[in-house]
Amino acid sequence: MPGRYEEAFRAIREKFRRAAVPAAETGIIPYKSENGHWIASPHDGNGWWTGGFWPALMWQLYAAEKDAFFAEEARRVEKLLTDEFRVFHHLNHDVGFMYLLSCGADFKLTGDEQARTDTLHAASLLMGRFNPAGFIRAWNGPGQEGFAIIDCMMNLSLLFWASRQTGDPRFAHVAVRHADTTLREFLRPDGSVSHIIEFDPETGRRVKEHPGQGYALGSQWSRGQAWGLYGFTLAYLNTKDGRYLDAAQRIAANFIAHIRPDGLTDCDFCQPKDEERLDNIAGAIAACGLLELHRITGDAACEANARRLIDGMLDHCCDWSPERCGALTRCTASYHDDGAGRHTNITYGDYFLTEALAKLNGTDPMLWL
Ligand code: GLY
């Protein structure tokens, strides 16, 4: 008899097989589900940082059973994403999320050469954001020349991938420089991580921490904690450098200490205790990182807590209704800005929930490496 996680993966497959039809009919990249219908990204059109997660979800479903339906839908969106190379000005450090999980996944699973070329193109764009003063620039706005953010730890996998593909160590050198800066400047003594650090773009000297998508300056935005947890785990998998594994384990211990009794995840671990503001995306990302940490170290607590997170989501926050698009509910894009979604379905939550289930079921193609 299939277990709970196999049942959940099957439910996701059926849900998204149905939900891919309106996505293709309307021609959009689904960002979130509102009143059961797909909504495109709130900013920057197809250049918004989340565009890769829908094709990534399709590739996860393809990897499990090789159903060509999912490959076709993934490629529909890959075309929209590679068109953004020409627009260019929306693209930022999140090209790792956008292209490694779409074109990179395509190449990994089908060997398509154009998909490999497009992924290398994205890696070159990410390289171009490196400031030799010691960090990868996050965003494009005026005054943000010195901004680096914790999320970028996830994008470094694109650079490590490019070095392995080409035999050229430049990409990996840049990834290591940025990871070392993040280790030095973002990781706090209690195992939490900052979201945004501004550096002097001329010298690389730290200027200050900025408040980001969390509750307040110096607080613990849970999705940032999850990016750090999984990002340093991936940096370890890419380099085998024990300093990154140690960082991932410290961030994991802090994250585990803040999992709610119901297995759900607060939007910020420092938010007021009477505030009901959840972000299950953070829990889904952290579950993926914890499952990888368990695979690397054998630490049973990592696996047990990943299951606590997944069980919490399956118990309380999944919408399996066939009429409505989107599965994982109670996701929040940003603590103080409800514009991109509060307590709603957001597609990258669905992606990380699916990746975590695939890991538990043994079908994860590990799209990050
Ligand atoms: N990478 C941006 C976010 O997590 O919202």
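Every number for a ligand or one of its atoms is a count from 1 in the order of the listing.
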Quiz item: Can W59 and E78 be counted as having a side-chain donor-acceptor contact under 3.5 angstrom?
Solution: yes
Quiz item: What residues sit with at least one heavy atom under 4.0 Å from ligand 1?
Solution: W49, D151, Q213, W221, R223, W227, Y348
Hey, could you give me each pair passing ring-ring contact (aromatic ring centres under 6.0 Å, His included) that has a residue in [range]? Not counting sequence neighbours.
{"range": "residues 149-208", "value": "F135-F199, H195-W221"}
{"range": "residues 263-322", "value": "F255-F269, H258-F269"}
{"range": "residues 98-118", "value": "F85-Y99"}

Practice problem: Pick out which of W227, F352, Y230 makes a ring-ring contact (aromatic ring centres under 6.0 Å, His included) with F97. | Solution: W227
Self-check item: Aromatic centroids of Y62 and F70 separated by under 6.0 Å
Solution: no
